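Inspection log for the structure reproduced underneath, given as structure tokens.
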Amino acid sequence: MRHVIAILIENEAGALSRVAGLFSARGYNIESLTVAPTEDPSLSRMTLVTRGSEDVVEQITKQLNKLIDVVKLIDLEDIVHIERELMLVKIKTTDKIREELRSVVEIFRGKIIDVTPTSYVIEMTGTSDKLDAFIATLDKNSIIEVVRSGATGISRGEKGLHL
Amino acid sequence: MCHLGEKVKYFECKLTIIVHINVIFQLLEGGNVELNGAQIVIQSLKDEGVEYIFGYPGGAVLHLYDALFQQEDVKHILVRHEQGATHAADGYARSTGKPGVVLVTSGPGATNAVTGIATAYMDSIPLVVLSGQVPSPVIGSDAFQEVDMVGITRPCVKHNFLVKDVTKIAEIIKKAFHIATTGRPGPVVIDIPKDITDPSVKVPYHYPKKIEMRSYHPATSGNKGQIKKAVELLLTAQRPVIYSGGGVVLGEGSQELIELAHLLGYPVTQTLMGLGAFPATDKQFIGMLGMHGTYEANMTMHESDLILAIGARFDDRVTGKLDMFCPYAKIIHVDIDPASISKTVKVDVPIVGEVKLVIRQILEGLKDAKYKIDKKSSEMWWQQINQWRSIECLEFDRQSIAIKPQFVIEQLYEVTKGDAFVTSDVGQHQMWAAQYYPFDKPRRWINSGGLGTMGFGLPAAIGVKLAHQNSDVACVTGDASIQMCIQELSTALQYNTPIKIINLNNSYMGMVRQWQEFSYQSRYSHSYMETIPDFVKLAEAYGHVGIRIEKPEDVRPALERAFAMKDKTVFLDILTDRTENVYPMIESGKSHHDMKLRVAIGTTTDRELS
């Protein structure tokens, strides 16, 4: 089962490697990992997507909590939450497909943010599923590159993960 | 030398310091003084109450060694290999409960310390390891003796720090001691680049009395609801057993455990790491459990309907095959580390907290409970256990012409009246020491249980002896293990730590040989030691006493002689039965009720040895 774990961690050198090292040492898998400082520059917020049985995910959250640098964490799977991922796609274009592509981008509520005579760069945010769906509409041979941020997430409502 | 704590003396000796020692203390507002980085490290250790620091100098720590030289409060023990430093500090920590402190240089000094750090990590032993690092500006440039110590030790420390700012040293050291000694203890590494200890850079020194860390709040007492559930289960169980581990030793919960066990009257089994927390001579003690545990302990576990696990972590050497582990039992698990609970074995009542406090809570709960212990079922349970006991699974051939290693340990127990600190290395001798030396007090049995580090015993014994100078300290070892840190005989002489080395010499890596006999049709692949040194001469070369013992009747007198030499380290090289195996044994992949027992005494086995 897929779990999205949100972590508040001390913004210190090596903090990320502690998390990554824990996963490799204990044989857990990381599907994606995003991290950046929060409004409080001494803290980083990490969103980690992993897969595993309930027992494994329970161990993962316990082991993460045990890291001294981890201040707080929450498994977003346990609560109502919102997930978003950012994707940038560079696509080779021909005159034939440019218009059709624009309408597909519009349907997916994406933006075209760079245009050359032969290419588009498309920006899109959404759940990981939506981004997958968009990629599926494209001709594989037209894709030059795909950049995805990995999922980030936040809980709905007033409550939040803070100090 | 001027002590910072004593202000009056401080003023008296202020002038002397300025003139003679070239260490300028500057009184600042609030009574702070200015020190350089190296002095701050040493002064912080003093303020933390550190008695001994185990170490080995080198380029990156020369400033620190210079600061050490100019004071006498923190005594430095010069080892002969950094692995020895970590094990000695570890032995000191295990026998006292205080953190062990280590100082090593960068690069090879640091990597040599890693085995000892991992050893402490696996057994949750509080260590603070200071490692030198190349100067900050050259970090990452593959400088001479550079190694990424923070990276290398990350998976085997509770936490580690790289000091980047001289003004942060004192705070980091305080944090390191706090982290190492609280919650589930463990080793903490502080990597200190050489420029941080530069004698020419001075900053105000203040050692924090207390430290708060927003990201670290170890648990204390247990959840009340869970305690209530545990009490109910404890009082309604028909076939209960208490399974206690190293956490009871580390958490100073021995008295509470004894009180609880006596109140309930239930059988107690202990892990290798837990031995001594509950007295082995108590009639409720049914022996160690696990791979080389007693028949009665393993059978009791297997047939039990309730296990109260306290400070134990269901290690694979304890559980055997997981799906066959204790099939009829409900499990209450008390542990300070939530990650240890339900890690390998699902438990019914998890209680996170300090064992000492949680046992007290359980004791209170028992007093208020409406149920009473069912005496009848308890009696029946004990009858069953005593039946298992009657097999006498630890009996061995006492008529043997060859020296039986078990006999040596029994004699060691008698000669030391059961009151010695016993360290061990890893292998058969370790199991025999655990089986045949009944420990009645915690912190007396010092061994590497989790990592299983050969070479641990001798340096650990030195650390123990430094902490307990009036007590007998024995190192039970084997001919293979002892050679892994043999160089520390030199340290033992330099610091006059008279320990007794009991070398059960069978010219084999005995445990490897035993597994090869059982599982590889006696193909003794590289487990035979072709050339074993003359240990008597070796001990003498290091300035100690060496005695070789070849006959059973000489064992007792030799032990008595050795322990009578109060101020000498004595190396007893005891040539033991080469074919002896550790029994009982649960072979790996088998379960508690599937034990290999000794063949009947008197019958011989045709075992071919290389």
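Every chain is numbered from 1 and lettered A, B, ... according to where its sequence line falls, protein lines coming before strand lines. Since the model is a prediction, treat every value here as computed from it, not as a measurement.
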Handout entry: Atom group of A:L163 that falls short of 4.5 Å from chain B, counting heavy atoms
Key = side chain
Taking atom types as modelled, find out whether [X] and [Y] have a side-chain donor-acceptor pair closer than 3.5 angstrom.
X      : Y      : answer
B:S340 : B:R313 : no
A:D55  : A:S53  : no
A:K62  : A:Q59  : no
B:T453 : B:T119 : yes

Which atoms of [X] approach chain A - backbone, side chain, both or neither, heavy atom under 4.5 Å:
X      : result
B:K158 : both
B:R214 : both
B:D337 : side chain

Exercise for the section: Go through B:N160, B:L162, B:V150, B:I179 and name the one with the most non-hydrogen pairs under 4.5 angstrom from chain A. Expected result: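 Top option by heavy-atom pairs under 4.5 Å: B:N160.
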Fill in the blank from the handout: Assert top hit (heavy-atom pairs under 4.5 Å, partner chain B, pool A:E58, A:Q63, A:K72, A:E10) equals A:E10
Fill in the blank from the handout: Scored by heavy-atom pairs under 4.5 Å with chain B, the best of A:V56, A:N65, A:D69 is A:D69
Exercise for the section: Please determine if A:D132 and A:R148 form a salt bridge, counting it only when a charged side-chain N lies under 4.0 Å from a carboxylate O. Expected result: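 A salt bridge links A:D132 with A:R148.
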Problem - N-O pairing of A:R2 and A:E83 below 4.0 Å - result: yes
